[in-house]
Amino acid sequence: MDKPLTLGEGIDSWNTIIFLYNSALKEVKTKVEILNDEFQQVHRYNPIEYVKSRIKSPESIVKKLKRNGYESSIDNMVTYVNDIAGIRVVCSFTSDIYKLAEMIGKQNDLTVISVKDYIRHPKDSGYKSYHMLVTVPIYLSDRIIDTKVEIQIRTMAMDFWASLEHKIYYKFEGNAPEYISRDLRECSGIVSMLDAKMLQLNEAILEAKEAQATSAPDKDAIKVGKYR
């Protein structure tokens, strides 16, 4: 049923590719927002703080292809660059990350291609995040095209660290001095401790609220007793 995209069919190939990736971003972002709304409806709790999406710039795509030893072509871009369309989902707690990833994985019209858990297995730099590569079907007038989207799920603390790390390494073009890399790894450990502590505090708050609700006297019963 699905037709692969062939280049040069009626309109410019680059415009066709960007249209597909933008459409895929809209589809996946909507699905994530619906899951968040459902979670709020069922559990009275929003696991997602915010969602960002982006299409990788042509310059970044070319750099990535060259870095991996591929020629700069649209065919290679589609085949070998998996994060052209990217969505970043930022959660409050690490437990939310795995709940959300499980819910995304159960979507019938999404196909999970690969998962990389950089939270349990951080990169050498200290980077932590949960990555899912999925495909979503884009329904055109004459065909269905499965299009790749990378989903990154992380906490606010992880996102803060990753944003600063990107800015620092960008200034050094990937060749930061060792003492800076060492300090970044140390900060990554602090971020992990912060996430663990905040999750512990949240669980303690929930337990305290549950205990209060259980021990609170029934107001209706008090009223009945008062007016007997």
Side-chain angles (χ1 to χ4, degrees), residues 21 23-55 82-138 146-166 187-214:
Y21 282 119
S23 300
L25 279 182
K26 290 177 184 177
E27 290 276 356
V28 176
K29 189 174 181 182
T30 298
K31 290 178 182 298
V32 169
E33 289 171 348
I34 290 172
L35 287 173
N36 193 45
D37 291 344
E38 180 193 7
F39 209 89
Q40 166 68 15
Q41 181 70 25
V42 174
H43 301 287
R44 299 288 187 263
Y45 171 67
N46 287 342
I48 297 172
E49 292 290 336
Y50 55 88
V51 179
K52 291 182 178 179
S53 61
R54 64 101 183 98
I55 297 291
N82 291 326
D83 61 344
I84 294 174
I87 286 185
R88 184 182 307 160
V89 184
V90 178
C91 300
S92 303
F93 306 104
T94 49
S95 57
D96 296 331
I97 293 173
Y98 293 101
K99 288 175 187 173
L100 189 60
E102 183 181 4
M103 289 191 289
I104 291 171
K106 289 179 178 178
Q107 297 285 299
N108 288 333
D109 53 351
L110 286 183
T111 301
V112 178
I113 303 300
S114 65
V115 169
K116 294 180 180 178
D117 188 346
Y118 294 119
I119 298 171
R120 292 192 174 111
H121 307 285
K123 291 185 178 182
D124 292 339
S125 64
Y127 175 85
K128 296 183 179 71
S129 187
Y130 190 94
H131 290 196
M132 301 177 73
L133 180 62
V134 304
T135 60
V136 58
I138 303 302
D146 287 326
T147 306
K148 290 184 287 188
V149 177
E150 184 188 65
I151 306 171
Q152 298 178 355
I153 316 174
R154 58 180 69 155
T155 64
M156 289 187 288
M158 292 175 195
D159 192 50
F160 173 71
W161 183 94
S163 297
L164 290 184
E165 186 231 19
H166 179 75
C187 288
S188 176
I190 295 170
V191 164
S192 295
M193 288 189 289
L194 175 62
D195 273 333
K197 186 63 177 177
M198 295 306 292
L199 178 60
Q200 182 184 0
L201 284 171
N202 184 60
E203 291 173 345
I205 289 168
L206 293 175
E207 289 175 5
K209 286 181 68 176
E210 186 177 347
Q212 277 185 342
T214 303

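Scope of the values below: all heavy atoms of this structure, side chains included, with no hydrogens, waters or symmetry mates. We're numbering straight along the sequence, starting at 1.
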Which word best sums up how the rings of H131 and Y118 line up, parallel for under 30°, tilted for 30 to 60°, or perpendicular for over 60°? perpendicular

Y21 side, atom OH; S53 side, atom OG - distance, nearest 0.5 Å: 15.0 Å

For the CD atom of E203 and the CG atom of L199, what is their distance to the nearest 0.5 Å? 4.0 Å

For F160, does the CZ atom have more than 12 heavy-atom neighbours from other residues, nucleotides or ligands under 6.0 Å away? no

Quick check against the 3.5 Å criterion: does E150 have a side-chain atom that pairs as donor or acceptor with the backbone of L133? no

How many angstroms lie between atom CG of L100 and atom CD of E102, to the nearest 0.5 angstrom? 10.5 Å

Return the minimal non-hydrogen interatomic distance between Y127 and A162, and the atom names on each side. CE1-CB, 4.0 Å

Tell me, do S129 and I153 make a side-chain contact under 4.5 Å, heavy atoms counted? no

Any side-chain heavy-atom pair of D195 and M198 under 4.5 Å: no

If every non-hydrogen atom of G189 is compared with every non-hydrogen atom of K128, which pair is closest and at what distance? N-NZ, 4.5 Å

T111 side chain near V134 side chain, heavy-atom distance below 4.5 Å: no

Under 6.0 Å from the NZ atom of K52, do we count more than 12 heavy atoms belonging to anything else shown? no

If the test is side-chain contact (heavy atoms from CB on, under 4.5 Å), which one of I151, T94, I119 qualifies with Y130? I119

For S188 and W161, work out which heavy atoms get closest and say how close. N-NE1, 3.4 Å

What pair of heavy atoms forms the shortest contact from P47 to D96, and how long is it? O-OD2, 3.7 Å

Determine whether Y50 and D159 satisfy the following criterion, side-chain contact (heavy atoms from CB on, under 4.5 Å), listing intermediate values before the conclusion. CA-CA 11 Å; Y50 55 88; D159 192 50; 2.8 Å; yes

Does the side chain of M132 come within less than 4.5 Å of I104's, by heavy atoms? yes

What's the spacing between Q107 CD and I34 CD1 if we round to 0.5 Å? 8.0 Å

Validation row: V90, V51 side chains within 4.5 angstrom (heavy atoms): no

For a side-chain contact (heavy atoms from CB on, under 4.5 Å) check, start with the C-alpha distance between Y98 and D117, then their side-chain angles and the critical distance, and finish with the verdict. CA-CA 10 Å; Y98 293 101; D117 188 346; 2.9 Å; yes

Distance from R54 atom CZ to R88 atom CZ, nearest 0.5 Å? 8.0 Å

One should read off an interatomic distance between I138 CD1 and K26 NZ, to the nearest 0.5 angstrom, of 10.0 Å

Hey, does the side chain of D83 reach the backbone of G86 with a donor-acceptor pair shorter than 3.5 angstrom? no

Using side-chain heavy atoms (C-beta onward) and a distance below 4.5 Å, is E49 in contact with C91? no

What closest approach, in Å, do N36 and I48 show between heavy atoms, and which atom pair accounts for it? OD1-N, 3.3 Å

Can you tell me which residue among I113, V149, D109 is in a side-chain contact (heavy atoms from CB on, under 4.5 Å) with T135? I113

